[in-house]
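Presented below is the structure to which this report refers.
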Protein chains: 2
Amino acid sequence: MREEFQAELREVGQLLVDMAEAVRVAMRDATAALLGADRAAAQAVIDADAEVDQLYRQVEERVCDVIARQAPVAGDLRTVISALHISADIERMGDLSCHVARTAIRRHPAPAVPAELAGVVREMAQVADRIAAKITRVLATPDVLTASELDRDDDAMDALERQLFAVLLGPDWPHGVEAAVDAALLGRFYERYADHAVNSGHQIVYLLTGEPLTS
Amino acid sequence: MREEFQAELREVGQLLVDMAEAVRVAMRDATAALLGADRAAAQAVIDADAEVDQLYRQVEERVCDVIARQAPVAGDLRTVISALHISADIERMGDLSCHVARTAIRRHPAPAVPAELAGVVREMAQVADRIAAKITRVLATPDVLTASELDRDDDAMDALERQLFAVLLGPDWPHGVEAAVDAALLGRFYERYADHAVNSGHQIVYLLTGEPLTS
């Protein structure tokens with residue numbers, strides 16, 4: 001029974017990997033569409049989000065299956081339940097990728113990100129991608145991920161968001177209010193994406209090891 | 001067993017009411033602190049959020065209890081699980097109230113909302129409050145809430161957010177980039193708060209009736 005339970009947990013874990021890989025690709029593609037002012041690519045990101053939503057529903061179905069068939073209690077039950085939190089975080093990462101894509105579409109054919117900010121937006125996207133990659137990696141080998149590693153990535157994202165705000169609120173900002181508002185919201189989308197990724201990283205380690213991460 | 005299960009569901013429902021009431025008060029107080037530039041009141045909103053987080057953990061504990069003791073399957077299990085989604089939405093509403101409060105603190109002693117926007121921000125807060133009130137009301141009498149009612153509130157919030165953006169992106173905006181960015185983010189906080197409230201309204205009806213809302 002125990003082995004069966006663990007095997008079913010791993011299957012749920014695989015669905016989570018599929019979700020995490022999909023939203024990693026989504027944010028990569030959304031960023032490329034944003035920086036390249038590519039409307040079709042942005043629309044493709046939005047269209048592809050239906051698959052993430054579908055996987056999200058599958059996770060919930062599988063979790064209900066595992067609970068109904070294995071009747072886990074105490075810590076095991078909490079562990080299964082944590083898969084729901086993880087999938088909710090990852091589903092939200094997909095939505096945030098769509099928000100980035102929608103910004104690209106709203107400004108098209110003009111670029112939504114002025115040249116001064118392209119560098120910091122690219123770096124934010126890289127940090128987001130690095131954390132998203134860890135979600136998939138940690139499912140193979142849970143113990144390679146440390147809380148301090150995730151916290152460092154999160155700090156890097158926060159620093160980049162401050163850098164973005166310093167530029168758009170600086171005295172030399174030449175692009176006016178609308179571009180500043182867009183950039184501020186974009187910054188928030190990447191920051192939130194990373195935040196959900198860090199959350200789910202913590203929860204995945206808990207799902208797979210039954211132990212919370214410590215710094 | 002069935003009656004016991006329903007009674008336990010109602011207890012979980014009561015915790016959700018407590019959460020919903022707490023985040024309703026939180027957004028009311030945050031808005032008052034924002035429009036009144038009241039730093040102490042804003043800090044009180046942030047401090048009070050720990051109670052919402054505590055209730056959130058209690059919901060998860062109770063849900064695990066119900067599952068372990070009643071061993072619900074199929075639709076019943078799904079119904080219990082929906083309480084987790086609801087509590088996650090409401091917990092997030094608490095966070096968004098804190099974001100509004102933090103904006104008030106960051107600008108203090110200056111008001112964070114220029115006079116031109118005070119009216120629309122107040123209206124956004126009123127719509128947010130109206131939807132939050134429905135969450136608590138629907139737990140007493142699930143069938144009074146219709147999907148079309150929630151959708152109307154959501155539409156009203158979206159219209160107000162567009163109105164807010166029209167002012168801050170308009171040619172007559174005299175307050176510069178920083179005030180515009182703050183206002184845009186505030187608009188987003190209220191809009192997200194309403195969005196989570198509408199989501200949880202839908203889910204609560206499902207929790208209590210086992211039937212999804214239809215328009």
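What's counted below: heavy atoms across the whole structure, side chains too, no hydrogens, waters or symmetry copies. The structure displayed is predicted, hence computed values, not measured ones. Naming: A, B, ... by sequence-line order, numbering from 1 per chain.
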For this session: State, yes or no, whether a side-chain contact exists between A/I81 and B/I81 at a heavy-atom distance under 4.5 Å.
Result: yes
For this session: Would you check if A/E61 and B/R78 make a side-chain contact, meaning some heavy-atom pair closer than 4.5 Å?
Result: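 With C-beta onward as the side chain, the pair touches.
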For this session: Flag the one option from B/V181, B/V73, B/L168 with the top tally of heavy-atom pairs under 4.5 Å to chain A.
Result: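 Top count of heavy-atom pairs under 4.5 Å with chain A: B/V181.
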For this session: Decide side-chain contact (heavy atoms from CB on, under 4.5 Å) for A/E60 and B/H85; before the verdict, give the C-alpha distance in whole Å, the side-chain angles of both, and the deciding distance to 0.1 Å.
Result: CA-CA 11 Å; A/E60 181 152 336; B/H85 295 300; 2.7 Å; yes
For this session: Drop me the distance from A/I67's CD1 to B/L77's CG, to the nearest 0.5 angstrom.
Result: 5.0 Å
Exercise. How many angstroms lie between CG in B/D76 and SG in A/C64, if you round to the nearest 0.5 Å?
Worked result: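 B/D76 atom CG to A/C64 atom SG measures 11.0 Å (nearest 0.5 Å).
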Exercise. If you take all heavy atoms of B/R188 and A/L185, which pair is closest and at what distance?
Worked result: CD-CD2, 3.6 Å
Exercise. Do you know the tightest heavy-atom contact between B/A180 and A/V177?
Worked result: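 Shortest heavy-atom contact: CB-CG1, 3.3 Å.
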Exercise. Given that the side chain runs from C-beta out, which part of A/A88 has a heavy atom under 4.5 Å from chain B: side chain, backbone, both or neither?
Worked result: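 Neither part, no heavy atoms under 4.5 Å.
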